[in-house]
There are 2 protein chains.
Amino acid sequence: MDKILDIDNIDLKIISLLNEDAKTPYTEIAKKVFVSSGTVHVRMKKLEDMGIVKSATLNIDFSKLGYDISAFLGIYLEKSSLYDNVIERLKGIAEVVSAYYTTGNYSIFAKIICRDTNHLRLVLDSIQKVDGIDRTETLIVLEESINRPIQFFDKEK
Amino acid sequence: MDKILDIDNIDLKIISLLNEDAKTPYTEIAKKVFVSSGTVHVRMKKLEDMGIVKSATLNIDFSKLGYDISAFLGIYLEKSSLYDNVIERLKGIAEVVSAYYTTGNYSIFAKIICRDTNHLRLVLDSIQKVDGIDRTETLIVLEESINRPIQFFDKEK
DNA sequence: GATTAAATTAGATTTAATCTAAATAGAGTT
DNA sequence: AACTCTATTTAGATTAAATCTAATTTAATC
């Protein structure tokens, strides 16, 4: 029953290598993991079928694309029962890239990405207008010091 | 001088499409953007050379890999001048996946991913032992309701 | 409208992905 | 231990894509 039991070290190594660069050819992965490229295919197919590997995305430097400001938002709701409604509304705001239900003071914890301070102001306005949102606290990101995938294998040690 | 001027709608469409699925063949991207696959290559090479597209990573369902708990940490430092030192120490903790310098109360805002509550406790312990960290506030993620890339083109409208 | 520079394209070549069938390895049974 | 069944891995063949090059088209400037 436990999905984790179906995953061995070969799977984890494949995931780790592809997580560093998802465009690495399976033939190259195969060499590093000491199996055939066919096996890499079979394993990746399994991982995708199991829903463990969902897709591959680009790692984009948004600031170089003119999206210079990102911010975390702590959102307070009027009633916590409004959670689902508010999430649906947030999905309609393109600048919202993530939203979480978390323990702590906030009802919703979200992240937004904007071009500049003016754009940020517009986005905050549209979020504050969403029915059910009481108030928000904004943590503007001034520096991203760490941003990396989980490390399954400790390289240092 | 402005990097954004070098980027046109073709670039943005290519990025958008590949951001949904980075493994989409360039030939297929080419059809959707109405250019040749050679152009997609040239554009992607340009975007990579400019550092706009940094790499491609897998989108992994960590809970299915046994990493069931993620949490945001608001970290208070004894002195804000200790920022760089503390970041270096956090880089040594495998479970820390991101860390930011933000406005607001916290000196550092970080995210960690753990297997279970016991693992979380161990990681929090090791973080609280880092020299320079005064105290931490933990926001445990109970549900991830939104997690998506920026949408350059509004699909809804 | 001619000239130059830049970007795009088609087509050839190299490389990788994918598929299939055979070989191997593993687990359980007698 | 030999046998059977099953699952996994592999090599090799086929299909498809990436990559490279040279030619063409497009755009910009005079």
Side-chain angles (χ1 to χ4, degrees), chain A residues 1-67 149 152-153, chain B residues 1-67 149 152-153:
Chain A
M1 201 64 250
D2 200 338
K3 293 143 192 161
I4 304 153
L5 294 179
D6 298 331
I7 305 301
D8 62 12
N9 260 349
I10 293 176
D11 294 312
L12 287 181
K13 278 180 193 158
I14 292 170
I15 290 177
S16 286
L17 289 168
L18 283 173
N19 213 15
E20 283 173 27
D21 181 5
K23 300 219 83 180
T24 314
Y26 286 0
T27 49
E28 202 175 308
I29 301 293
K31 277 180 210 158
K32 290 182 180 166
V33 184
F34 302 106
V35 294
S36 72
S37 70
T39 299
V40 177
H41 270 275
V42 171
R43 296 301 188 100
M44 280 301 291
K45 175 117 195 351
K46 178 188 78 177
L47 291 165
E48 284 163 8
D49 289 346
M50 289 172 80
I52 290 173
V53 173
K54 287 181 284 188
S55 63
T57 59
L58 299 182
N59 187 358
I60 294 167
D61 186 333
F62 290 107
S63 70
K64 287 187 179 160
L65 274 178
Y67 285 77
F152 296 110
F153 305 99
Chain B
M1 198 67 251
D2 199 337
K3 293 143 191 163
I4 304 154
L5 294 179
D6 298 331
I7 304 301
D8 62 11
N9 260 349
I10 293 176
D11 294 311
L12 287 182
K13 279 180 192 159
I14 292 171
I15 290 177
S16 286
L17 289 167
L18 284 173
N19 212 15
E20 283 173 27
D21 181 4
K23 302 219 81 181
T24 313
Y26 286 1
T27 49
E28 202 175 309
I29 301 291
K31 278 181 210 159
K32 290 182 180 167
V33 185
F34 301 107
V35 293
S36 73
S37 70
T39 299
V40 177
H41 270 274
V42 172
R43 297 301 188 99
M44 280 302 289
K45 176 122 196 345
K46 177 188 77 176
L47 291 165
E48 284 163 8
D49 289 347
M50 290 172 80
I52 290 174
V53 172
K54 289 181 283 190
S55 63
T57 60
L58 299 182
N59 186 359
I60 294 167
D61 186 333
F62 290 106
S63 70
K64 287 189 179 159
L65 275 177
Y67 285 78
F152 296 110
F153 304 100

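Just so it is clear: chains get the letters A, B, ... in the order the sequence lines come, proteins before strands, and each one is counted from 1.
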Nearest-0.5 Å distance that lies between atom [atom1] in [X] and atom [atom2] in [Y]:
X: Glu48(A); Y: His41(A); atom1: CD; atom2: NE2; answer: 10.0 Å
X: Ser55(A); Y: Asn59(B); atom1: OG; atom2: CG; answer: 4.0 Å
X: Asp49(A); Y: Lys45(A); atom1: CG; atom2: NZ; answer: 3.5 Å
X: Leu18(A); Y: Leu58(B); atom1: CG; atom2: CG; answer: 5.5 Å
X: Ile14(B); Y: Asp8(B); atom1: CD1; atom2: CG; answer: 8.0 Å
X: Phe152(B); Y: Leu65(A); atom1: CZ; atom2: CG; answer: 5.0 Å

Residue pair Val33(A), Leu17(A): steps toward the side-chain contact (heavy atoms from CB on, under 4.5 Å) verdict: CA-CA 9 Å; Val33(A) 184; Leu17(A) 289 168; 3.7 Å; yes
Span of DNA chain D in contact with chain B (heavy atoms, under 4.0 Å):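 Reading along DNA chain D, I get dA17(D) to dT19(D).
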Atom-pair distance (NZ on Lys31(B); P on dT9(C)), nearest Å: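 After rounding, the reported distance stands at 15 Å.
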Length of the OH-C1' vector between Tyr26(B) and dT8(C), whole Å: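 It is 17 Å, rounded to the nearest whole Å.
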Val35(A) side chain reached by Ile10(A) side chain, heavy atoms, under 4.5 Å: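 Heavy-atom side-chain distance check passes, below 4.5 Å.
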Base-pairing string, 5' to 3', of DNA chain D - Watson-Crick or wobble, under 3.5 Å, | interstrand: ||||||||||||||||||||||||||||||
Lys46(A) atom NZ, over 12 foreign heavy atoms within 6.0 Å: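 Yes, enclosed.
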Lys54(A), NZ atom: more than 12 neighbouring heavy atoms under 6.0 Å: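 Yes, NZ of Lys54(A) has more than 12 neighbouring heavy atoms, counting only those of other groups under 6.0 Å.
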Those residues of residues 32-45 of chain B lying under 4.0 Å from DNA chain D by at least one heavy atom: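 Residues of residues 32-45 of chain B under 4.0 Å from DNA chain D: His41(B).
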